[in-house]
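Heads up: the structure comes next, in structure tokens.
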Amino acid sequence: MEETVFPKEVEIEGAAIAILWDDGHRSIYPHRMLRLRCQCASCVEEMTGRPRLDPDTVPDEVRAVDQMPVGNYALQFLWSDTHYTGIYTFRFLRSICACIPCNEARAQRGD
């Protein structure tokens with residue numbers, strides 16, 4: 001089982017959300033991509049895991065307006081489309097990092 005890494009810094013930038021992890025890794029998440037990955041009950045069917053969120057209903061220009069920690073395991077974002085119920089665990093955020101080293105590691109593991 002992988003050890004959880006924790007964010008040292010979370011910055012809401014113009015085009016993306018940047019997270020600097022305590023292991024020195026830096027992840028960049030485009031706003032809309034992260035909004036579309038929300039796992040809350042409004043966005044994902046709880047029993048089946050089937051997506052409920054229609055991507056066409058999320059504006060192209062959606063942005064994170066603010067963020068706050070949830071316990072010692074997740075972040076919650078307030079989105080410009082007024083959505084705020086999603087909780088993004090640190091493990092989930094790190095698992096969807098799209099940088100080249102993370103993509104290569106996933107490919108090697110067969111994820």
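Scope of the values below: all heavy atoms of this structure, side chains included, with no hydrogens, waters or symmetry mates.
Within 6.0 Å of CD on Glu46 lie no more than 12 heavy atoms contributed by other residues, nucleotides or ligands.
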**Message:** If you apply the rule ring-ring contact (aromatic ring centres under 6.0 Å, His included), what do you find for Phe6 with Phe90, and how did you get there?
**Reply:** CA-CA 6 Å; Phe6 298 91; Phe90 301 153; 5.7 Å; yes
**Request:** Take Cys43 and Arg37, measure what side-chain contact (heavy atoms from CB on, under 4.5 Å) needs, and give me the verdict at the end.
**Result:** CA-CA 8 Å; Cys43 296; Arg37 298 296 300 267; over 6 Å; no
**Ile17/Met33 under side-chain contact (heavy atoms from CB on, under 4.5 Å): CA gap, chis, key distance, verdict** = CA-CA 10 Å; Ile17 297 161; Met33 181 276 287; over 6 Å; no
**Request:** Evaluate the side-chain contact (heavy atoms from CB on, under 4.5 Å) criterion for residues Gln76 and Tyr84: first the C-alpha distance (whole Å), next the side-chain angles of each, then the deciding distance (0.1 Å), finally the verdict.
**Result:** CA-CA 7 Å; Gln76 185 174 16; Tyr84 64 91; 4.3 Å; yes
**Request:** Mind running side-chain contact (heavy atoms from CB on, under 4.5 Å) on Tyr88 and Gln39 for me, showing each step along the way?
**Result:** CA-CA 7 Å; Tyr88 298 78; Gln39 300 294 300; over 6 Å; no
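Closest approach of Cys97 to Ser27, counting heavy atoms only: SG-OG, 3.2 Å. When all heavy atoms of Pro59 and Asp81 are compared, the closest pair comes out as CD-CB, 4.2 Å. Summarising the geometry of Cys102 relative to His25, their closest heavy-atom pair is SG-NE2, 3.4 Å, with the distance given to 0.1 Å. The shortest heavy-atom contact between Ile28 and Ala18 is CD1-CB, 3.6 Å. In terms of heavy atoms, Ala98 sits closest to Asn103 at O-ND2, 3.0 Å. Taking every heavy atom of both residues into account, Cys38 and His83 meet most closely at SG-NE2, 3.3 Å.
The backbone N or O of Leu93 lies less than 3.5 Å from a partner atom in the side chain of Tyr29, making a donor-acceptor pair. The backbone N or O of Ile12 lies less than 3.5 Å from no partner atom in the side chain of Gln67, so there is not a single donor-acceptor pair. Looking at Glu9, its side chain never comes within 3.5 Å of a backbone N or O of Pro7 through a donor-acceptor pair. A donor-acceptor pair is defined here as one N or O able to donate and one able to accept, closer than 3.5 Å; such a pair exists between the side chain of His31 and the backbone of Ala64.
One hydrophobic cluster holds both Ile96 and Ile19 under the rule that ILVMFWY side chains link at heavy-atom gaps under 4.5 Å. At a threshold of 4.5 Å between side-chain heavy atoms, the hydrophobic network of Ile, Leu, Val, Met, Phe, Trp and Tyr places Val5 and Val10 in one connected group. The hydrophobic clustering, which links ILVMFWY residues whose side-chain heavy atoms are closer than 4.5 Å, places Phe77 and Val58 together. At a threshold of 4.5 Å between side-chain heavy atoms, the hydrophobic network of Ile, Leu, Val, Met, Phe, Trp and Tyr places Leu36 and Leu34 in one connected group. No continuous path of hydrophobic side-chain contacts links Trp21 to Ile87 [ILVMFWY only; heavy atoms under 4.5 Å].
In terms of the salt bridge (Lys or Arg N to Asp or Glu O under 4.0 Å) criterion, Asp54 has no residue partners (sequence neighbours excluded). Partners of Asp22 by salt bridge (Lys or Arg N to Asp or Glu O under 4.0 Å), not counting sequence neighbours: none found. Applying the salt bridge (Lys or Arg N to Asp or Glu O under 4.0 Å) test to Arg32 and every residue at least two apart in sequence or in another chain returns Asp60.
Side-chain atoms of Thr4 and Arg91 include a donor-acceptor pair closer than 3.5 Å.
Taking CG of Asp23 as the reference point, atom NZ of Lys8 lies at 10.0 Å (rounded to 0.5 Å).
Salt-bridge check for Arg35 with Glu61: failed, with every basic side-chain N at 4.0 Å or more from each acidic carboxylate O.
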